[in-house]
Amino acid sequence: MKDFVRSVFDATVQIPKGRVSTYGDIAIALGDVAASRIVGVILARNPRPIVVPCHRVVYSNGEVGWYGGKGRGAERKRELLSKEGVRIKDGRIENFDSVRFADFKIDPMLKDLRREQDAMSRKVVERDDFGKMKFIAGLDVSYADDDAFAAMVLYDCSEDAVVDRKTIRRKATFPYIPSYLAFREIPVLADLIDGRKDTVYLVDGQGVLHPRGFGIASHIGVAFDIPTIGVAKSLLCGVIEKEEAKKSPIRLEGDLKGYLVRQSGKHPLYVSVGHRVSLESAASVVEKLLDKGKVNPLQEAHRLANDARKSALNTEAAKG
DNA sequence: GCGACAG
DNA sequence: ATCTTGTCGC
């Protein structure tokens with residue numbers, strides 16, 4: 001998080017007086033326009049306004065936008081820009097194209113992360129490659145700002161019972177950016193993963209159903225060489241072929257890469273291969289564990305992570 | 001009006 | 001993901 005935030009500020013101070021840039025332009029300089037929303041969030045919390053001239057960052061349609069958070073400070077932002085010689089009419093930059101600055105000299109770090117995903121994605125095994133599936137583990141993370149609370153719940157298949165629970169607290173080192181979730185959550189989850197080959201891990205997020213075929217479930221699978229399944233609550237990419245009652249195929253560029261799985265009347269889940277599990281096995285594991293529309297070990301991990309966060313926060317609030 | 005993207 | 005009061009439905 002520190003490095004990413006610093007990069008956003010580094011870019012912002014490069015915008016000259018009398019010029020403006022956009023959240024998307026800074027995101028592109030960081031390597032991916034997908035980061036534009038988090039650039040906005042970070043600049044909205046800029047602790048050093050003026051020094052870090054976030055008032056020079058506007059919407060891509062030329063509207064001036066807010067200053068210091070959504071719905072706030074638009075007037076102040078217009079004032080500051082006007083004083084710097086930027087002409088504004090009806091809340092829009094007048095000669096937007098000519099005053100727009102995008103020649104940032106910063107490290108496009110997201111490009112490197114994409115390359116890492118592309119390289120590692122070639123190692124994904126999309127067929128059953130595990131011993132006896134003795135355990136199924138659920139992983140999840142809960143946040144309070146940069147405080148991350150991760151949970152692991154271990155379910156014994158033969159005993160049909162939870163046999164282990166672990167939680168851990170870490171500082172998040174990277175923001176949430178769609179398609180880069182793994183870089184936020186893997187450092188938090190790492191110490192909860194032991195490389196046992198008789199355990200299939202369920203991960204809250206996509207597997208190969210990802211723009212580069214390498215969502216967090218696949219990333220964890222390849223990084224730790226363990227079987228994993230991606231179970232997401234919403235779709236990142238892909239097309240649902242035809243909506244059936246229980247199980248519908250999802251295609252990515254024409255290839256079958258996932259299933260929408262649901263219990264009647266409940267929200268759907270999007271299942272895809274993480275690593276060393278076939279799509280058919282992944283779907284059947286999830287279907288078997290479905291209870292009230294949720295996958296049991298994941299639901300338990302979710303609750304555990306939330307509880308850990310709330311009790312930690314309450315304890316600290318009590319201490320003052 | 002369209003698109004709007006895991007957690 | 002999290003922030004949050006009332007409101008709707010079973």
Side-chain angles (χ1 to χ4, degrees), chain A residues 1 4 23-24 27 32-42 44-45 59-61 69-72 110 113-114 117 121 138-151 169-189 201-221 228-240 250 252-253 257-261 264-274 282 286 292-295 298-299 301-310 312-314 317:
Chain A
M1 200 69 200
F4 192 90
Y23 302 99
D32 196 328
V33 72
S36 49
R37 283 185 296 276
I38 194 66
V39 168
V41 169
I42 289 166
R45 298 175 186 166
Y59 291 166
S60 63
N61 62 6
K70 191 174 181 181
R72 306 166 50 185
L110 296 176
L113 299 184
R114 270 207 308 286
Q117 290 176 326
S121 72
L139 298 172
D140 198 16
V141 187
S142 175
Y143 296 91
D145 292 322
D146 285 355
D147 273 320
F149 299 83
R169 180 181 189 170
R170 293 280 183 271
K171 220 71 175 169
T173 57
F174 196 78
Y176 170 69
I177 303 168
S179 84
Y180 300 85
L181 174 64
F183 299 102
R184 177 167 176 79
E185 300 207 331
I186 289 181
V188 178
L189 289 167
Y201 283 82
L202 302 180
V203 183
D204 202 338
Q206 308 292 351
V208 298
L209 208 48
H210 177 276
R212 293 172 287 287
F214 203 64
I216 185 169
S218 298
H219 202 139
I220 289 175
T228 58
I229 297 170
V231 184
K233 295 180 288 297
S234 69
L235 213 49
L236 175 62
C237 59
V239 177
I240 299 160
I250 304 171
L252 201 54
E253 288 156 16
K257 286 291 173 183
Y259 282 115
L260 180 162
V261 173
S264 66
K266 302 291 182 181
H267 286 153
L269 295 172
Y270 303 91
V271 180
S272 61
V273 171
V286 169
K292 293 169 191 157
K294 314 256 187 183
V295 191
L298 272 179
Q299 176 63 15
H302 187 74
R303 199 186 53 73
L304 189 57
N306 262 319
D307 289 350
R309 172 174 57 86
K310 284 174 186 165
L313 260 49
N314 286 341

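Excluded from the calculations below are hydrogen atoms, water molecules and symmetry mates; all remaining heavy atoms, backbone and side chain alike, are included. A note on names: the letters A, B, ... follow the listed sequences, proteins ahead of strands, and every chain is numbered from 1. Note that the structure is a prediction, hence the values are computed from the model and not measured.
The interatomic distance linking A/Arg37 (CZ) with C/dT2 (P) rounds to 18 Å, in whole Å. C/dC10 atom P lies 18 Å from atom NZ of A/Lys292, rounded to whole Å.
The pair A/Asp140-A/Arg303 does not meet the salt-bridge criterion, since no charged nitrogen lies less than 4.0 angstrom from a carboxylate oxygen.
Nucleic acid contact for A/Phe183: none, since no nucleic acid atom lies under 4.0 Å from a heavy atom of the residue. Among the heavy atoms of the strands lying under 4.0 Å from A/Ala232 are primed sugar atoms or P, OP1, OP2 only; no base atom is included. If you check every strand for non-hydrogen atoms under 4.0 Å, A/Leu235 touches sugar and phosphate atoms only. A/Ser142 comes within contact range of the sugar-phosphate backbone alone, with a heavy-atom separation under 4.0 Å but no base atom that close.
From the 5' end on, the contacts that DNA chain B makes with chain A at under 4.0 Å to a non-hydrogen atom open and close at B/dC5 to B/dG7.
Take A/Tyr23 and apply the ring pair (Phe, Tyr, Trp, His ring centres under 6.0 Å) test, not counting sequence neighbours, and it matches no residue. For A/Tyr180, the ring pair (Phe, Tyr, Trp, His ring centres under 6.0 Å) test picks out no residue, with sequence neighbours left out.
Residues A/Ile250 and A/Leu235 form a side-chain contact, since some pair of their non-hydrogen atoms from C-beta on lies under 4.5 Å apart.
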Anything under 3.5 Å between a donor and an acceptor, one on a side chain of residues 264-272 of chain A, the other on a protein residue two or more places apart or in another chain? List them.
residue	atom	partner	partner atom	Å
A/Ser272	OG	A/Gly207	N	2.8

**Request:** Please report the C-alpha distance between A/Lys294 and A/His302 in whole Å, then the side-chain angles of each, then the deciding distance to 0.1 Å, and finally whether the side-chain contact (heavy atoms from CB on, under 4.5 Å) criterion is met.
**Result:** CA-CA 11 Å; A/Lys294 314 256 187 183; A/His302 187 74; over 6 Å; no

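A/Thr228 pairs in a side chain to side chain contact (heavy atoms under 4.5 Å, CB included) with only one of the listed residues (A/Leu139, A/Val273, A/Ile220), which is A/Ile220.
Atom CG of A/Asn61 is surrounded by more than 12 heavy atoms from other residues, nucleotides or ligands within 6.0 Å.
One finds no side-chain N or O of A/Asn306 lying less than 4.0 angstrom from the OP1 or OP2 phosphate oxygen of C/dA1.
Pairs of Watson-Crick or G-U wobble type, with distances under 3.5 Å, never assemble into runs of 3 or more in DNA chain C. A stem is defined here as three or more consecutive Watson-Crick or G-U pairs, each with both distances under 3.5 Å; DNA chain B has none.
Nearest heavy-atom pair, A/Pro187 versus A/Ala182, reported as atom, atom and distance to 0.1 Å: CD-O, 3.9 Å.
A/Gln299 places no side-chain N or O within donor-acceptor distance of the main-chain N or O of A/Lys292, the cut-off being under 3.5 Å. A distance-only check finds no donor-acceptor pair linking the side chain of A/Arg169 to the backbone of A/Phe149 [under 3.5 Å].
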